[in-house]
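Report on the structure given below.
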Amino acid sequence: MKDIYILGIESSCDETSCAIVKNGQEEIATVISSQIDIHKQYGGVVPEIASRHHIRNISIVIEECLEQAHMTMNDIDAIAITYGPGLIGSLLVGVEAAKTLSFLYQKPLIPVHHIVGHIYANELKEPMHFPLMALIVSGGHTELVYMKDHYQFQILGKTLDDAVGECYDKVARVIGIPYPGGPQIDRMAKVGKPTYHLPIPLNDDSYHFSFSGLKSAVINLVHKETQRGNPIQKEDLARSFQDVVTSVIVKKCKQALTDYPVNTLIVAGGVAANSGIRNGLKELCQDKQIHLSCPEIRLCTDNAAMIASAGYYAWKLGKRGDLTLNAKSNVDLQ
Ligand code: KG4
Ligand code: ZN
């Protein structure tokens, strides 16, 4: 069988990325241009600034990726593009670039949902075995998805308010850690003790999540302690917070794995890099005797390799876009 090379493009938030993946599983080249240092000074991603930087970077990133792969557009079989969800101005830059390449080189265009990309990041590590459960935890999403086969998504639960990564970043901000504070909170939690009492949010039998109450509880605690003149033990607060987040995530996954028997739990998205959550889910999967699969940490956060991998399976299923494809800031998993 002929090898299929998919060129993926991702620009939904603050990373401009292009990658080439062979047969959905073999990463040939990945280039990521991150804007974190630019947005850091504002405490979060500024959409207008993000789209302007995507415009500046997109051609460079695509050219560099082809160069690293020692390939030209003639070697590419199809172009996979993140069309949503995400920041509309950012998405548009990638979508227009992909449509232009598709038109110019007469290559099929494959629209990819950003969260589907996060799930398929696992495919770059090991083949997925169905049925499986996927937990997506990122800066913009928290979802539990049951998959019977490729591209069959049943959303069991999602966050009712903030995403888990968003909650991490806001908690970090209140204790003076620059954006994105998730990784730093994780590092601090490793050396802290769980001495602060925080409520477990949406501690019920549903598969849904809620993180805004927990975020408010941390903000209130920091304000109260500061007013009383008690210095915050940042490492201990990070540990207390991380333990609560981990316990609720493990609880919801446990419920879902009990109700929907599977062989594998996939964890995807930026927060899948979190050591507390990884360890909690590792224990859960050992208890349930199922396989836990996490992408390489480098491919947990936004990148185009995951889009190219997801694009390959969409390509195999005959999913195609055309030049009327538009970016969508909000779109259901499909
Ligand atoms: O998937 P991603 O790159 O962007 C979205 O699609 O949202 O995820 C970025 C998020 C940020 O909120 C960041 O703080 C969080 O992932 N993150 C972490 C860790 N590494 C990244 N949160 C907690 N612990 C980590 N180790
Ligand atoms: Zn993402």
Side-chain angles (χ1 to χ4, degrees), residues 8-17 19 30 32-36 39-40 43-45 47 50 81-87 90-91 94 112-122 134-143 145 158-159 162-175 177-192 211 214-215 218 235 237-239 241-246 248-249 266-281 294-307 309-310 329-331 333:
I9 298 176
E10 155 67 38
S11 70
S12 66
C13 191
D14 59 345
E15 265 94 23
T16 323
S17 180
T30 302
I32 305 173
S33 166
S34 172
Q35 304 175 13
I36 283 183
H39 297 285
K40 221 174 211 167
V45 178
I81 174 64
T82 309
Y83 71 103
L87 301 172
S90 293
L91 287 164
V112 174
H113 189 285
H114 183 74
I115 296 304
V116 174
H118 274 304
I119 296 174
Y120 277 83
N122 275 274
L135 170 75
I136 301 98
V137 276
S138 77
H141 303 270
T142 310
E143 284 177 18
V145 180
K158 52 165 93 176
T159 180
D162 291 358
V164 60
E166 191 182 350
C167 185
Y168 259 92
D169 295 340
K170 285 182 180 158
V171 162
R173 193 174 173 170
V174 80
I175 55 171
I177 297 165
Y179 171 85
Q184 177 68 8
I185 295 272
D186 188 13
R187 282 191 287 273
M188 289 162 73
K190 282 185 195 154
V191 291
F211 292 103
L214 176 61
K215 172 191 70 186
V218 173
E235 282 81 8
L237 182 60
R239 175 63 188 272
F241 168 73
Q242 185 144 303
D243 280 5
V244 169
V245 171
T246 301
V248 77
I249 285 179
I266 275 181
V267 189
V271 188
N274 185 270
S275 63
I277 296 172
R278 276 188 181 227
N279 289 337
L281 293 176
C294 301
E296 239 183 276
I297 297 224
R298 174 181 69 85
L299 297 178
C300 281
T301 44
D302 292 350
N303 66 85
M306 67 186 198
I307 302 302
S309 176
S329 58
N330 253 317
V331 56
L333 205 60

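The structure displayed is predicted, hence computed values, not measured ones. Ligands are counted one by one from 1 in listed order, and the atoms in each one are counted from 1 as well. The residues of the chain are indexed from 1 along the displayed sequence.
Which parts of ligand 1 touch His118 is read off a 4.0 Å heavy-atom cut-off, strictly below it: atoms 1 (O), 6 (O). Less than 4.0 angstrom separates some heavy atom of Pro180 from each of these atoms of ligand 1: 14 (O). Atoms of ligand 1 lying under 4.0 Å from at least one heavy atom of Gly165, given by number and element, are 12 (O). Interface of Thr301 with ligand 1, defined as ligand atoms under 4.0 Å from a residue heavy atom, comprises 3 (O).
Side chains of Leu135 and Ile266 form no contact here, defined as non-hydrogen atoms less than 4.5 Å apart. For the pair Met188/Arg239, no side-chain contact is recorded, criterion being any heavy-atom separation below 4.5 Å from C-beta on. Taking the side chain as every heavy atom from C-beta outward, Thr159 and Val164 never approach each other to under 4.5 Å.
Closest protein heavy atom to atom 3 (O) of ligand 1: Asp302 N, 3.1 Å. The protein heavy atom nearest to atom 22 (N) of ligand 1 is Gly182 CA, 3.5 Å. Counting protein heavy atoms only, atom 10 (C) of ligand 1 is closest to Gly139 N, 3.6 Å. Nearest protein neighbour of atom 21 (C) of ligand 1, counting heavy atoms only, is Gly270 O, 3.3 Å. Of the protein's non-hydrogen atoms, Val271 CG2, 3.8 Å is the one closest to atom 15 (C) of ligand 1. Of all protein heavy atoms, the one lying nearest to atom 24 (N) of ligand 1 is Asn274 ND2, 2.9 Å.
For the pair His113 (side chain) and Thr82 (backbone), a donor-acceptor distance under 3.5 Å is absent.
By the criterion of a heavy-atom distance under 4.0 Å, neither the backbone nor the side chain of His141 is placed next to ligand 1. Looking at Asp169 against ligand 1, only its side chain comes within 4.0 Å, counting heavy atoms.
The closest approach between a heavy atom of Pro183 and any atom of ligand 1 is below 4.0 Å. Contact between His114 and ligand 1 is present, with at least one heavy atom of the residue lying under 4.0 Å from the ligand.
At a cut-off of 2.8 Å, Cys13 is not counted among the residues with an N, O or S atom near the Zn ion (ligand 2). Between the Zn ion (ligand 2) and His141 there is no N/O/S contact shorter than 2.8 Å.
Remark: ligand 1 and Asp186 share an N or O pair separated by less than 3.5 Å (distance only, no angle test). Every N/O-N/O distance between Gly269 and ligand 1 stays at or above 3.5 Å.
Between the side chains of Asp186 and Gln242, a donor-acceptor pair is found at a separation under 3.5 Å.
Around the CZ atom of Arg278, the shell of radius 6.0 Å holds more than 12 heavy atoms that belong to other residues, nucleotides or ligands.
The minimum distance between the Zn ion (ligand 2) and any N, O or S atom of Asp302 involves atom OD1.
Between Phe241 and Tyr168, the ring center distance clears the sub-6.0 Å criterion.
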